[in-house]
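Note that these values count all heavy atoms, side chains included, but never hydrogens, waters or copies made by symmetry. In the text below, chain A, chain B and the rest are named by the order of the sequence lines, each starting its count at 1.
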Number of protein chains: 2
Amino acid sequence: MAAALPEPADRRQRRRQETIEEILDIALDVMAEHGVAGLSLGEVARRVGIRPPSLYGYFPSKQALYDAVFARGAGAILEAMSTSYPQVRDVQPLTAALLLAARRFTAWCLANPVYSQLLFWRPVPGFTPSDASYSAAVALVDLTRTWFADLRDAGLIRPDADLDLALRDWVVLTAGVISQQMANGPDEDVDTGRFTAALPNLIDMFAHTYGPADRPSPRSRRKGTDRVH
Amino acid sequence: MAAALPEPADRRQRRRQETIEEILDIALDVMAEHGVAGLSLGEVARRVGIRPPSLYGYFPSKQALYDAVFARGAGAILEAMSTSYPQVRDVQPLTAALLLAARRFTAWCLANPVYSQLLFWRPVPGFTPSDASYSAAVALVDLTRTWFADLRDAGLIRPDADLDLALRDWVVLTAGVISQQMANGPDEDVDTGRFTAALPNLIDMFAHTYGPADRPSPRSRRKGTDRVH
DNA sequence: GTCTATATGACGATAGAC
DNA sequence: GTCTATCGTCATATAGAC
C-alpha cells in the first residue's frame, strides 16, 4: 500500500478520478439549470474547460454519464440515511423517530433536487439505470426495511404489523410530501415548506395505524394547531 | 346564433379549430413516446402531414403549444372530477366515498401520464403555464375543497376539522400514490398497481383523523388483510 | 394557409493528428 | 489525453412566394 515515491500510474489514475468527479459535479450543475433532461455534453465540456470529444475519454456516451450521476446520487442518499437511522434508533415515541427520519430524508431530497428527480422520477426518456447503479437505489429501500424491523423489535411498531405494508405506506407518504413540495414549492426548504409542514400530521396517522396498541389516540389536529416547530 | 347557411368564415374557423385539436392530439402522442420534454415541432408537423413552418399558423411558439396542452389537460381532469364528486355525494361511510374519488382521480392520472406529468410535475425546463391555463389547475383544487366542505356539511368529516389541512393532507396522500405508481409501475393500472393498492389503508388513516368522532377505530390492517377488492 | 428556402445554431459522436 | 475537423442530424423560427 505505502510507497516511498508515488508511482506515475497512481498519480495518473488519481488525476483521472478527480477529473471524473469534476465532470459529474458540473453535469449536476448543468442539470440544475437546464433541467435533468436538458443535460448537454457541449455545455459540460465548456465548463470543464475541454472540448466535447475529450469527454469521451471518461464516459463512452451520454447515457453512461447519466448512469454515473444516478449511481452517485443513490450512494449519497444511501449514506445520508445510513447515518440517520442509527441516530433515531433510541428516539421515542414512534412519532418523534419517524418525524426525524422523514425530515432528514425530505431535507436531503429538497437540497438535491437533481438527484431526487433522476432517482425517483423518470425525467429522461431514453435513460434506464444500469443494474449496478440501480442496486444502490434498492439498497435504500432495504435499509429502510431493516430500520422498520428494528422499530418493531424495539416495540415501537406493533408486533403484528406487516412490515412490507408499513414500508409501502411509508414510501408513499414521504413521496407525496416530497413530490408536492418539489413541484409546487421548489425554493422552500423542509422548515418553511407548505407540504413538508404536513409531515407531523401524516406521521400521526401512520403511527396510529402501525404503532403499539397502548398508544393514546391523537385524533385530528384541530384548526390552528398545526405547528411544525 | 342559428344561420340558414353556414357562413364561409364559420366553416373556416371550425376547420381551423379541428386542425388545432389534431395538432394537440399528435403533440400528446409525441410526448408519450419521447417524453414530455422531448416534444419536437418537426415530428408533430411530420405526423400532421404539414411542414414545420405551417405549425406557426396555429401556435406562435413551442411554449404556446405546451400551454395549450396544459390547459387541455387541466380542463379534462377538472371535468372528470366535476362528474365524479357529485356521484360519490351520498356514498357512506366516509372511507367508501374517499376511496371512490381517489380511485377515479388515480385512474385518470395513470391513464393520462403525459397530462399528469405536465400538470403536476415540472418536466419541461423553460415552460411555465400562462395564468389562464394555470387557473384551470387551481379550479381543480377549489373543486376538491368544495367537495370536502360538502362532506363536512353531511357529517362525514368532523365539524371541527380544518378543511385546508384536510385538503393538504389529501393532496399529499394521493400525490404520493400517483407519483410512486407512475415512476415505479407506469404500465400497471389502478386495479393492479402495487402503490394504488395502498389507497384503502391510507384512506383509513385519513378517515380516522378527519372522520366523525363516533367512528369505530379501525386500527392497523394486519398481515395479509390488505385487499383492494 | 401552406409552401420552399433559409437563418442559425445545437446536438451526440467519430476519425485521426499531435 | 486532448486536440481539430467533421459528420450527420436535428432543432426552433422567420421571410417571402404562391
Side-chain angles (χ1 to χ4, degrees), chain A residues 6-24 26-31 33-70 118 123-128 130, chain B residues 6-24 26-27 29-31 33-70 123-128 130:
Chain A
E7 295 181 21
D10 289 357
R11 289 175 56 106
R12 238 181 291 131
Q13 199 156 0
R14 205 193 55 201
R15 284 221 18 117
R16 177 180 171 79
Q17 192 56 40
E18 287 173 358
T19 305
I20 288 178
E21 295 299 324
E22 185 188 356
I23 291 172
L24 292 177
I26 291 176
L28 213 64
D29 291 341
V30 173
M31 284 190 263
E33 293 175 27
H34 295 69
V36 176
L39 177 63
S40 142
L41 297 185
E43 181 66 19
V44 171
R46 201 180 58 74
R47 300 192 190 188
V48 176
I50 60 177
R51 303 291 169 178
S54 302
L55 283 176
Y56 287 82
Y58 301 94
F59 298 96
S61 71
K62 191 182 179 181
Q63 290 252 347
L65 180 53
Y66 269 123
D67 199 56
V69 174
F70 183 99
L118 193 60
V124 185
F127 169 66
T128 313
S130 64
Chain B
E7 297 180 19
D10 288 357
R11 291 175 54 105
R12 238 182 291 132
Q13 198 156 1
R14 206 192 55 200
R15 285 221 17 117
R16 177 180 171 81
Q17 192 57 39
E18 285 173 2
T19 304
I20 287 178
E21 296 298 325
E22 185 187 357
I23 291 171
L24 291 178
I26 290 175
D29 291 342
V30 173
M31 284 190 262
E33 293 176 26
H34 296 64
V36 176
L39 177 63
S40 144
L41 298 184
E43 181 66 19
V44 171
R46 200 180 58 74
R47 299 192 189 189
V48 175
I50 60 178
R51 303 290 169 180
S54 302
L55 284 176
Y56 287 82
Y58 300 94
F59 297 97
S61 71
K62 191 182 179 179
Q63 289 253 346
L65 180 53
Y66 269 123
D67 199 56
V69 174
F70 184 100
V124 186
F127 169 66
T128 313
S130 64

Could you list all N or O pairs between the protein and nucleotides 13-15 of chain C that sit under 3.5 Å apart?
from, atom 1, to, atom 2, distance (Å)
C:dA13, OP2, A:Tyr56, OH, 2.8
C:dA13, OP2, A:Lys62, N, 3.1
C:dA13, O5', A:Tyr56, OH, 3.2

Determine the contact category for [X]: base if any of its heavy atoms lies under 4.0 Å from a base atom, sugar-phosphate if only primed atoms, P, OP1 or OP2 are that close, otherwise nothing.
X: B:Gly57; value: nothing
X: B:Leu39; value: sugar-phosphate
X: B:Ser40; value: sugar-phosphate
X: B:Phe59; value: nothing

Item checked: Euclidean distance, B:Leu55 CG relative to B:Thr19 OG1, rounded to 0.5 Å -> 10.5 Å
Margin query: How long is the straight-line distance from CG of A:Leu28 back to CG of A:Leu118, given to the nearest 0.5 Å?
Written below: 9.0 Å
Next item on the list: List in chain and number order the residues that pass ring-ring contact (aromatic ring centres under 6.0 Å, His included) with A:Tyr58, two or more places apart in sequence or in another chain; answer none if no residue qualifies.
Entry: none
Notebook entry, point to check: Taking atom P of C:dG12 as reference, at what distance in whole Å does atom CZ of A:Arg51 sit?
Noted result: 16 Å
Next item on the list: Using the test salt bridge (charged side-chain N to carboxylate O under 4.0 Å, His left out), find all partners of A:Arg14 that sit at least two apart in sequence or belong to another chain.
Entry: A:Glu18
Check: Closest approach of A:Ala37 and A:Pro123, non-hydrogen atoms and distance?
Finding: CB-O, 3.5 Å
Checklist line | Heavy-atom side-chain contact between B:Leu65 and B:Leu24 under 4.5 Å | finding: yes
Next item on the list: Only pairs at least two apart or in different chains count here, so list each side-chain hydrogen bond (donor to acceptor under 3.5 Å, both in side chains) that has a residue in residues 59-69 of chain B.
Entry: B:Asp67-B:Ser130, B:Asp67-B:Ser133
Next item on the list: Name all pairs fulfilling the side-chain hydrogen bond (donor to acceptor under 3.5 Å, both in side chains) condition that reach into residues 41-50 of chain B, sequence neighbours left out, sorted by first residue then second.
Entry: B:Glu33-B:Arg47, B:Glu43-B:Arg46, B:Glu43-B:Arg47
Notebook entry, point to check: Hey, where on DNA chain D does chain B first and last touch, going 5' to 3'? Cut-off is any atom under 4.0 Å from a heavy atom.
Noted result: D:dA11 to D:dT14
